[in-house]
There are 4 protein chains.
Amino acid sequence: MTMLLTNETVRFVSEANTLPNRTVSYRKCVTIIGMERRTGRPRSQESRDAILLAATQLVVEQGYAAASIEKIAQRAGVGKQTIYRGWPSKGDVLMEALARKADVYIPMPDEGSWAADLRKMLNDSYTLARAPQIGELLRALMVEAQLDPVFGERFREEFLQRRRAALATLVDRARDRGDLPPGLTADVVADVVYGVLWYRLLAVPGPFDDQLADSLVALLTTGK
Amino acid sequence: MTMLLTNETVRFVSEANTLPNRTVSYRKCVTIIGMERRTGRPRSQESRDAILLAATQLVVEQGYAAASIEKIAQRAGVGKQTIYRGWPSKGDVLMEALARKADVYIPMPDEGSWAADLRKMLNDSYTLARAPQIGELLRALMVEAQLDPVFGERFREEFLQRRRAALATLVDRARDRGDLPPGLTADVVADVVYGVLWYRLLAVPGPFDDQLADSLVALLTTGK
Amino acid sequence: MTMLLTNETVRFVSEANTLPNRTVSYRKCVTIIGMERRTGRPRSQESRDAILLAATQLVVEQGYAAASIEKIAQRAGVGKQTIYRGWPSKGDVLMEALARKADVYIPMPDEGSWAADLRKMLNDSYTLARAPQIGELLRALMVEAQLDPVFGERFREEFLQRRRAALATLVDRARDRGDLPPGLTADVVADVVYGVLWYRLLAVPGPFDDQLADSLVALLTTGK
Amino acid sequence: MTMLLTNETVRFVSEANTLPNRTVSYRKCVTIIGMERRTGRPRSQESRDAILLAATQLVVEQGYAAASIEKIAQRAGVGKQTIYRGWPSKGDVLMEALARKADVYIPMPDEGSWAADLRKMLNDSYTLARAPQIGELLRALMVEAQLDPVFGERFREEFLQRRRAALATLVDRARDRGDLPPGLTADVVADVVYGVLWYRLLAVPGPFDDQLADSLVALLTTGK
DNA sequence: ACTTAATCGAGACGGTACGTCTAGTCTTTAC
DNA sequence: GTAAAGACTAGACGTACCGTCTCGATTAAGT
């Protein structure tokens, strides 16, 4: 069988097999799924790293508006084409940069009670978002998702929805334990938890404080 | 006959019998079709209106990324300078366009109880945001606030904070009535109400539904 | 009557009236043919001058291959768009630069005899081409004419043919005087005179010497 | 003795021994001068052929500007490196392509008289240049000689000077026979003959006609 | 048969330039 | 006396090539 593998097909394949949601070069993928390597010079991992580092630095130091492809390439000491070859859009660069930065493991606590689970989840998420580099990247990603609808779709599916799904798992577990306040659905919990997170990131300059987390826990653990 | 021929008029004339769908400055147009020409200066308000209309249309029809100052000016039949003269940034144009569109009066209901007040506030806000033109403008404003920090500051103060303040008034009134669940502060209420609103606007493509509003009311009216 | 006016038609009009063969902006053209001026900021003569100077310097100092639009703009302290606005191609920039340099008046001597006229014409032409800056520009123009066929057509019509025509005038006058060797046509004279000129410019690094001019005069004044 | 052989040294050697002026791979050269052959995979003659064919086709079909190394390699089904390995510049590829096409033997007629020799030489040269594929290649070579001075030097020495030398041989022979018009030197003859040839190729779109050849013969055979 | 070594196609690498678009400013003429 | 028109410098966009550099695979010659 002959088959033409592109980044697109690779991404599809990797998702179909529930692989990690990073943009994956076809080279790695074919290694993973056991096919032969492609010809030609392999993509440079050093260049990839330099690009992700440069993108992160620019966003953090000078803001998203200053993070042009041109400047990223220049700071990374890389040709522009190398960026276009590796990612379908600037947003995807940032999404992978964020994944690198915060190894984006989605916390799946099991602390024994809904209140403790929720508290842990909130702490993890808010601590992450409070880190300045992470916060800047998150804001940039949300902006890019609005400016580039195609990337926006990817961002929602690969980033936002996964976090909603993780929270839904906690909710399901709480419901099984009979721990969940009546009338609370996974969607509402996610809307409140992530709504407040993003709203504080984008709309209110101040940081998250523990008091806010306390209030949310109280809100979401109180039966009617 | 003396006649001022520009590339634009010429192209318009040549297309006049076929495809009149180009943007044409009204000034030239009225000359061609024989109406009285306007003289003097009282162009200002019409230009403002045309600019706000053009900005709204572009954002709604083609998305924020397509709404450049250049295109707004062209569609409005206006010089770019007229825009720069009237507003300090593109975000401010959009903010005024939104104000025109939704007459953005901030609802201050007094329905007799915290639950009813909150419900009314939620309904008003979410109905507004659900209107497609308004939603697009809001998304554009939040993007611009991230890209242009100076405008962002203005947007927070003049738009976001006012809405938080209005909600705070309701909370204060409820507290005075002894109606408010214990442990609930105006800030937490605002974070939840507007957090969910913006999160649904920016991060989740689906519309707000009444069920979500119900859940939020339940959440925010239940004592611990 | 409807009429479509473009820069191209304007150029045609200006040529139809045997105006100087410079690329002419429509603004100047309508002035020439008596129409009103256009609105908007006028094109900057200083920018035009800087562009032509920079182009000449780059061609002369670093050779034609180094004379990119980008470098010309940078050295001239000018936006690229200003170049694209003013000339349809890089070749046209060089053609105008040459016109500036050598005020490209086409010598039309009348020395009383075919031999003297020819000698004068040869001296003028070869002296011009021998000047290093002129020679480099001429070589660049001929290269560009090969690389860009559209410009090539313009170059042939507006530059090469005019010089052939001037020489033809001398030949006609000589024939009227009965001064011309039999069997010599204007085309053959032009092919020999300009053929040798361009061949020495492009193919033989050495300069033109007076001896060569002497030989050509002898050749073209001798009856069979 | 150990010696590092490169294409450059090989060319020097081959020229020092007045071998044919084709670009010669060192493999062939060392065979010629009797050294041991190196190991490794031999260069592919099929690739060389495909490259020359592709280059010729691209120049003829789409013009010189379209004949990039990248497109030549792609059309030939060849890696770019194979081209860079075989020729020092694009001009050299074209020079060999021309040699293949027109087997570029330089005609050395001996027709018994200066007039007949010259006529034969003119006919041969002009017939060749009139062939469309040859003409396009010649124009491309002259352009490349201007753009790439290093190749230009090679082109002048290996191509242009050889043709001048051949013509000079005819002139010498004529002078020996007492056949040459007085005052005519080999250089002047070459300047006129090849000047007209290249000028018609580069500057005048029309073809060479026999009448022009007649006129040149008349011009160059007439004593003062 | 096995090693050595240079070539092959392929294609990524850091760069430069292309021609277009927009930002925000500046300068005319028209009304 | 302001508006439209549009030119100005500046710089990013995404694409095409440049000449170089890996890759795995191929192809002889010399063990």
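The sequence lines fix the lettering, A, B, ..., with proteins before strands; numbering per chain opens at 1.
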Separation of F:dT9 P from C:I72 CD1 (nearest whole Å): 14 Å

Integer-rounded Å distance: E:dA23 P and B:Q74 CD: 12 Å

Residue C:R85, side-chain heavy atoms: nucleotide from F:dC23, F:dT26, F:dC8 that is nearest: F:dC8

For the student: nearest non-hydrogen atoms of D:I72 and D:A67, plus distance: CD1-O, 4.0 Å

Considering all heavy atoms, the nearest B:D92-B:R154 contact: OD2-NH2, 2.5 Å

Gap between atoms CG and P, on D:D148 and F:dG19 respectively (whole Å): 9 Å

Under 3.5 Å, sequence neighbours excluded: what are the donor-acceptor pairs made by side chains of residues 77-87 of chain B?
residue, atom, partner, partner atom, Å
B:K80, NZ, B:E70, OE1, 2.8
B:W87, NE1, B:E96, OE1, 2.7

Side chains of B:E46 and B:D49 in contact at under 4.5 Å (non-hydrogen atoms): no

Student check: side-chain heavy atoms of C:F151 and C:K90 closer than 4.5 Å: no

C:D92 CG - E:dG19 P separation (whole Å): 12 Å

Residues, nucleotides or ligands: over 12 heavy atoms within 6.0 Å of A:Q62 CD: yes

Pairwise N/O distances under 3.5 Å, protein to nucleotides 15-18 of chain E:
residue, atom, partner, partner atom, Å
E:dA17, OP1, C:K71, NZ, 3.1
E:dC18, OP1, C:I69, N, 2.8
E:dC18, OP2, C:I69, N, 3.1
E:dC18, OP2, C:E70, N, 2.7

Interatomic distance, B:L147 CG vs E:dA23 C1' [rounded to whole Å]: 13 Å

F:dT22 base / A:R41 side chain donor-acceptor hit below 3.5 Å: no

Nearest-nucleotide comparison on DNA chain E, the residue closer to the 5′ end among A:A76 and D:T82: D:T82

Closest nucleotide among E:dC13, F:dA4, F:dC8 to the B:S47 side chain: F:dA4

Atom-pair distance (CD on C:E46; P on E:dC26), nearest Å: 15 Å

Length of the CG-C1' vector between C:D49 and F:dC8, whole Å: 15 Å

Which residues share a side-chain contact (heavy atoms from CB on, under 4.5 Å) with B:A65, sequence neighbours left out: A:L147

Integer-rounded Å distance: F:dC8 C1' and C:I83 CD1: 13 Å

